[in-house]
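Below: one structure, written as structure tokens.
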Protein chains: 2
Amino acid sequence: MDTVRSPYTEILKSPGWEFGREILDLIADKWTLLVIEVLSEARELRFTRLEEQIGGISQKMLTKTLRQMERYGLVTRIVHPVIPPHVDYRITELGESLGEAVCGIWEWKEANQERVTAARNAYDARASRK
Amino acid sequence: MDTVRSPYTEILKSPGWEFGREILDLIADKWTLLVIEVLSEARELRFTRLEEQIGGISQKMLTKTLRQMERYGLVTRIVHPVIPPHVDYRITELGESLGEAVCGIWEWKEANQERVTAARNAYDARASRK
DNA sequence: CCGAATCCATTACGATACTG
DNA sequence: CAGTATCGTAATGGATTCGG
């Protein structure tokens, strides 16, 4: 039987491609996947806890990342109107499912890490001997 | 049986995370996936044909993208020592398999596009009414 | 506590011109 | 033809300061 044609071939550059680009940009930034990971375990965390658990993120980027994720429906922002402020972030179903959709990439990584490393070393060796 | 725990939870931030970051950056740039798509169909193309088929890419970025892909073993660069120059790029098994690994994202996109759009519209509506 | 605003260094990338 | 080199602009992201 014919092997299944990769669907991405039809999807990239198709009318939906602009949106695909958006999704790609969304997950490809430095922090979104880490937030998804942390929130997948904790389900709900307030801002400062997220900051701690992620580690190394500036609050500017955390804010920006969370806003974007909220906009795309990946997290819910829950503001408790108290002083001092208390804001919780909870992952949505959509957010979780995106985390799972990315697994194919991690599997590819695991399966091919050695081959990639070998290719890279070979390339660098070729490049360095003038 | 237990449903499989998303492996990304263990992989992100693990010792292999740096490498995961690399892979993510690799596929997340503006052009790599388009090159994979075009080359998956054509198997082998010379520089100028690639430039045409991708459309909208500058030769600077095409060169850079191809060099990076070559370094990671996703394409093979075949130089024919003639004048004028003739250079073919062929996709490798590794390159093809990466294209397939990304499918999970496109499937997620297809399955959830409406929900994401709805969330985004709702967010924007909330944001715009002051 | 949460987050907006400002400043700054670095990088990304398109346009253009040049070369073996 | 298949690049490299240079330039200018725009976007990215960290550090810091300020405010409700």
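Please read all numbers here as calculations on a predicted model, not as lab measurements.
Taking atom CG of residue A/L62 and atom P of nucleotide C/dC1, one finds them 14 Å apart after rounding to whole Å. Rounded to an integer number of Å, the gap from CD1 of A/I78 to P of C/dC1 is 19 Å. If you measure from atom CG of A/L66 to atom C1' of C/dC1, you get 14 Å, rounded to the nearest angstrom. If you measure from atom CZ of B/F47 to atom C1' of C/dG20, you get 16 Å, rounded to the nearest angstrom. Rounded to a whole Å, the NZ atom of A/K30 is 11 Å from the P atom of C/dT11. Atom NE2 in A/H80 sits roughly 16 Å away from atom C1' in C/dG3 (whole-Å rounding). Between B/I54 atom CD1 and C/dC13 atom P the separation is 14 Å, expressed in whole Å.
By the 4.5 Å heavy-atom criterion applied to side chains, B/T48 and B/E52 are counted as neighbours. Put simply, the side chain of B/V116 reaches to within 4.5 Å of the side chain of B/W108, judged on heavy atoms. Residues A/Y89 and A/I78 form no side-chain contact, since every pair of their non-hydrogen atoms from C-beta on lies 4.5 Å or further apart.
Between A/Y89 and C/dC1, a side-chain N or O to OP1/OP2 separation shorter than 4.0 Å is absent.
At the heavy-atom level, A/P84 lies under 4.0 Å from the strands shown only through sugar-phosphate atoms. A/K60 comes within 4.0 angstrom of a nucleotide base, judged by non-hydrogen atoms across all strands. Looking at heavy-atom distances under 4.0 Å, B/R67 makes contact with sugar-phosphate atoms alone, never a base. Note on B/R77: only backbone sugar-phosphate atoms sit closer than 4.0 angstrom, heavy atoms only; bases stay farther off.
Salt bridge annotation for A/R43-A/E96: present, with a cationic side-chain nitrogen under 4.0 angstrom from a carboxylate oxygen. In this structure, A/R90 does not pair ionically with A/E70, as no charged nitrogen and carboxylate oxygen lie closer than 4.0 Å. Ion pair B/R120/B/D124 not flagged as a salt bridge, since none of the NZ, NE, NH1 or NH2 atoms sits closer than 4.0 Å to an Asp/Glu carboxylate oxygen.
Boundaries of the chain A contact region on DNA chain D are D/dG13 to D/dG20, first to last in 5' to 3' order (nucleotide atom under 4.0 Å from a heavy atom).
Of the two residues contacting DNA chain C, namely B/K64 and B/Q59, the nearest-nucleotide position lying further toward the 5' end is that of B/K64.
In the displayed structure, B/E22 atom CD is contacted under 6.0 Å by more than 12 heavy atoms of other residues, nucleotides or ligands.
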